Amino acid sequence: MNISEPIGDEAAETGAVNSVSVLFPLPLPKAYDYICTGGETGGEAPLVGSFVLAPFGPREVVGVVWPSGGDPIEPEKLKPLVRVIDAPPLAGELIDFIAWASAYTMFPLGSILRMVMRVADAFEGPRMQTAFVGGGEAPARLTPQRKAVLDIACETPMTAAELSAAAGVSDGVVRGLADAGALTRVDVDPDPPFDPPDLHRSGHDLSDDQQFAADEIKTIIASGGHKAILIDGVTGSGKTEVYFEAAAEALRRDDNAQVLILLPEIALTLPFLTRVEERFGAAPAPWHSELTAAQRRRTWRRVAEGQARLVVGARSALFLPFANLKLIIVDEEHDNAYKQEDGVIYHARDLSVARGARAGFPVILASATPSLESVVNVDEGRYDAVGLPSRFAEAAMPEISLIDMREDAPEAGRWLSPRLVSAINDNISAHEQSLLFLNRRGYAPMTICRRCGHKMTAPGSDTMLVEHRFENRLVCHHTGFSMPKPPACPECNAVDALTPCGPGVERVAEEAKERWPAANIAVLSSDTVTGPRAMREVLDAMRDGAIDILIATQVAAKGHHFPNLTLVGVVDADLGLAGGDLRAGERTYQLLSQVTGRAGRAEKPGRALLQTYQPQAAVLKALATGDRDAFLAAEAEGRRSLGYPPYGRLASVTLRSRDEAALEKSARAMRAAAPLADDVEILGPARTPIYRLRGVARQRMLVKAGRNIHLQAYLSDWLERVKKTSVVRISVDINPYNFL
DNA sequence: AGCACGCCGACT
DNA sequence: GTCGGCGTGCTC
């Protein structure tokens, strides 16, 4: 694959037509060929990576000139390109990454390109926007509205919308002033450039440990080439400061270098952007799903131009069109939010490492609770490790103890054990804050008819409806379905017989309000905080001590630090262990270690109480003793003995259909068609744990293979042998994390 | 992804 | 007898 030269040269020399391949952002596995003669292209073959407009079927589609390959077709079938689009071509490195990602994830090439090109209007050329500057002649009639606008207008161009909003008048006033000559119209770029990071500015003073770690990473970066580096340090040990130094080093080394910092979710990006600004004197280019169309377009264009040098974003930022990407930092690398589950299924951490390896730049992974995958990669020498064993942070580690719920049971209909209640009493007396953690939204996870036993489920789905008492609705957390809570059982018509079973955060809040009527109690879950601003309010109230007891789901597990929080009670420590997928223990360890880590501060260690019915479980023992290494070693051994990742390869093959009979038949037929291969084992087919979802039933097979097996090749071979129908859909997930 | 082509039910 | 449902297949 030659991607540095114009293509079609050879063809031109031999007198054949000058043609190029074009890949479209459509779910197609290959590029299509076009002739360059005619049209506005002037016969010159555009460079690989250029955006072009080409006729495709009955319409015209923007695509990317792709390295040619594959079987040539008869020249008379070729259509000419319409035109080349004025946008920076995609870097060769990105083209290579797209091709690799397609092969790895087994999604069509064009689907990967689509993720890169998701900014629809980025191709309409450098459109200009009208803005207004002040300093013109005074208008003949100066109304209060006009005066308000003129007071605000200055030399910095502002759009009519900005000016009128700031002055509290309609935008007609602004236009009127411009027509009267009091404001001057100027054209501005609607996508202003990002301020460059100040690389001479020094960061926070680093501790000896941090300085040592930063120097080690800088040395690796300075040596050039690829290396994956794991920064392993507890919360509060200053991982961020360390990788900021790495980012600065990468940006200093090359005047055009770009650095990407990935974060697991948007809720974390907003405070993080401020932190970057404090360090680099300029806000980075942001990328996440809540950007407006204009913000999205600005970041995309500036990243493509190479102008935005420091980008902070969620997982999809990995598919921005970087011109010269030189470093990726994956913060909280263990976080499962990096696994994209709909559309193209990928793990942003894994793809980042692969991208760095192919392109020859370093990738930094940071976490207080690294994934077993990364830890094993370090142990086996594939990754470098940089530890941050901060004494300062260790002092802040809470004392964790288990509450055996079989011995210390709450009264019927209550969820807090006497020991936890007494701990909260102590905390309230001491005017210190408590956090009750329960990773379950709503009031009760299950609603059951006490007369006929009917369980309320979402229509067409095998999912429980969760009562949300604030809205008095039953909600499905998997499908989004919701309905008002019915007065009678839909099955047996018994009135007032629908009974909530089990606790959610709302129910624990109800109990807390009964027990501590004088305390300030707040609930923090994705239902009670609907946006970043509401989130901010709760976090600020908590920080300022306006809340005594915060009852929260995992949205409170990460991010903020509360100085006066000294007790964390985990209402149900066993929750994540049920279901038993291969990473259940690891996930529970990460989540609970993160949430218990919220308790205490440097001067005053906090404590955490975990309510459990299985105090002998290895994960909980490890949390209580703080022996992470022993836990990881045991986890690793378990995976090794079963041949699970990272000691083996795993893929899931899911079949979906509305027609259950056809589904079962296809699943059996597909299983029978599986090629025989050494070191490849197929488990199933079996119904997925949630069998029906939105009317679609699902059967799954797991493919487990040795590390030296090319799993994708095996799967392609298999898929070629089965006939695909529209009644039963087949999807493949390489290295699955979600087994529901 | 679109969009057209192609075979089976309710309308003028 | 047609209009139209969306299943299937193609796009250089």
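These numbers come from a predicted model, not from an experiment. Naming: A, B, ... by sequence-line order, numbering from 1 per chain.
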Taking [atom1] from [X] and [atom2] from [N], how many angstroms apart are they, rounded to a whole number?
| X | N | atom1 | atom2 | result |
| --- | --- | --- | --- | --- |
| Lys724(A) | dC10(C) | NZ | P | 10 Å |
| Trp66(A) | dC12(C) | CH2 | P | 19 Å |
| Arg729(A) | dG7(C) | CZ | C1' | 10 Å |
| Arg658(A) | dC6(C) | CZ | P | 13 Å |
| Glu76(A) | dC12(C) | CD | C1' | 12 Å |
| Asp33(A) | dC12(C) | CG | P | 11 Å |
| Leu28(A) | dA1(B) | CG | P | 9 Å |
| Ile112(A) | dA1(B) | CD1 | P | 13 Å |

Say whether, by atom type as modelled, one donor and one acceptor occur between the side chain of Arg298(A) and the main chain of Pro193(A) under 3.5 angstrom.
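A pair under 3.5 Å: yes.
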Is it true that a side-chain atom of Ser68(A) and a backbone atom of Ser21(A) form a donor plus acceptor pair closer than 3.5 Å?
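Judged by distance alone, no pair lies under 3.5 Å.
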Can you list the steps and then say if Arg355(A) with Glu93(A) is a salt bridge (Lys or Arg N to Asp or Glu O under 4.0 Å)?
CA-CA 9 Å; Arg355(A) 184 168 180 176; Glu93(A) 177 266 318; 2.6 Å; yes
Show the distances under 3.5 angstrom between N or O atoms of the protein and N or O atoms of nucleotides 2-9 of chain B.
from, atom 1, to, atom 2, distance (Å)
dG2(B), OP1, Arg59(A), NH1, 3.2

Stacking between Tyr32(A) and the base of dC12(C) (centre distance under 5.5 Å, interplanar angle under 30°)?
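Ring-base stacking flag not set for Tyr32(A) and dC12(C).
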N or O in side chain of Lys77(A) less than 4.0 angstrom from dC12(C) OP1/OP2:
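Looking at the OP1 and OP2 atoms of dC12(C), neither is under 4.0 Å from any side-chain N or O of Lys77(A).
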Report which part of the nucleic acid Tyr34(A) touches: base, sugar-phosphate, or nothing (heavy-atom distance under 4.0 Å, all strands).
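The answer is sugar-phosphate, as Tyr34(A) gets under 4.0 Å only of primed atoms, P, OP1 or OP2.
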Contact class for Pro55(A) (heavy atom, under 4.0 Å): base, sugar-phosphate, or nothing?
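Contact class for Pro55(A): sugar-phosphate only.
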Does NZ or CZ of Arg694(A) come closer than 6.0 Å to the centre of the six-membered ring of Phe481(A), within 45° of the ring's axis?
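No - Arg694(A) does not lie over the ring of Phe481(A) by the 6.0 Å and 45° rule.
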Quiz item: cation-pi between Arg583(A) and Tyr737(A), 6.0 Å / 45°:
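Yes, Arg583(A) and Tyr737(A) form such a contact.
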Hey, what's the ring geometry for His468(A) with His477(A), parallel, tilted or perpendicular (30° and 60° as the breaks)?
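Perpendicular.
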Counting the benzene-type ring for Trp, do Phe322(A) and Phe97(A) have ring centres under 6.0 Å apart?
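No, the ring of Phe322(A) stays outside the 6.0 Å limit from the ring of Phe97(A), centre to centre.
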